[in-house]
Amino acid sequence: MNQALEELAAGLSRAGKQYRAHRFDQMRATLRALIAISRQLGLTSTARVARDVLDLSDSTDAAALAATIARLERIGESSLIAIWDLQDLSI
């Protein structure tokens, strides 16, 4: 599980950087991986928002894409913190 969490954290960071660098093809590949990892971990909100970003990445609505990638970063970070907190409680 720790490996999947590390991959999720790295993927969230990578997707944001790729978005800001306008590397949308690379971002789409990263988003597909994020969706799979999020589903594996049971993080349905993160998977859903990553899918929303993926869908918007082909659109011409730059404002919606920017807002949704920001939402993905917030939700992804919140999900990671919640899981890490749960792991700390179980030790």
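As a basis for the values below, the full set of heavy atoms in this structure was taken, side chains included, without hydrogen atoms, waters or symmetry mates.
For the pair Leu31 and Leu72, the minimum side-chain heavy-atom distance is below 4.5 Å.
Remark: Asn2 engages Gln87 in a side-chain hydrogen bond (donor to acceptor under 3.5 Å, both in side chains) (not counting sequence neighbours). Residues passing the salt bridge (charged side-chain N to carboxylate O under 4.0 Å, His left out) test with Arg28 are Asp25, Asp58, sequence neighbours excluded. Residues passing the side-chain hydrogen bond (donor to acceptor under 3.5 Å, both in side chains) test with Glu7, sequence neighbours excluded: Gln3. Scored by the side-chain contact (heavy atoms from CB on, under 4.5 Å) test, Ala4 finds Ile37, Gln40, Leu41 as partners (sequence neighbours excluded). Residues passing the side-chain contact (heavy atoms from CB on, under 4.5 Å) test with Gln26, sequence neighbours excluded: Gln18, Arg23. Residues passing the side-chain contact (heavy atoms from CB on, under 4.5 Å) test with Ala64 are Leu56, Asp61, sequence neighbours excluded. Partners of Thr44 by side-chain contact (heavy atoms from CB on, under 4.5 Å), not counting sequence neighbours: none found. Not a single side-chain hydrogen bond (donor to acceptor under 3.5 Å, both in side chains) links Ser38 to another residue, sequence neighbours left out.
Note that the OG1 atom of Thr30 and the CD1 atom of Ile35 stand 11.0 Å from one another [nearest 0.5 Å]. Here the OG1 atom belonging to Thr68 is positioned 13.5 Å from the CZ atom belonging to Arg51, to the nearest 0.5 angstrom.
Scanning both residues, Leu54 and Arg32, for their nearest heavy atoms gives CD2-CG, 4.1 Å. Heavy-atom minimum distance, Tyr19 versus Ala62: OH-O, 4.3 Å.
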For this session: Using the side-chain contact (heavy atoms from CB on, under 4.5 Å) rule, take Ile75 and Arg48 through it: C-alpha gap first, then chi angles, then the decisive distance, then the call.
Result: CA-CA 10 Å; Ile75 287 177; Arg48 183 177 25 89; over 6 Å; no
For this session: Would you sort out whether Thr46 and Leu34 count as a side-chain contact (heavy atoms from CB on, under 4.5 Å), showing the intermediate values?
Result: CA-CA 8 Å; Thr46 304; Leu34 280 175; over 6 Å; no
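Put simply, the residue from Leu43, Leu12, Leu5 that forms a side chain to side chain contact (heavy atoms under 4.5 Å, CB included) with Ser79 is Leu43.
Pairs engaging residues 67-76 under the salt bridge (Lys or Arg N to Asp or Glu O under 4.0 Å) rule: Arg20-Glu73 [sequence neighbours left out]. Residue pairs satisfying the ring-ring contact (aromatic ring centres under 6.0 Å, His included) criterion with at least one member in residues 20-40, sequence neighbours excluded, are listed as follows: His22-Phe24.
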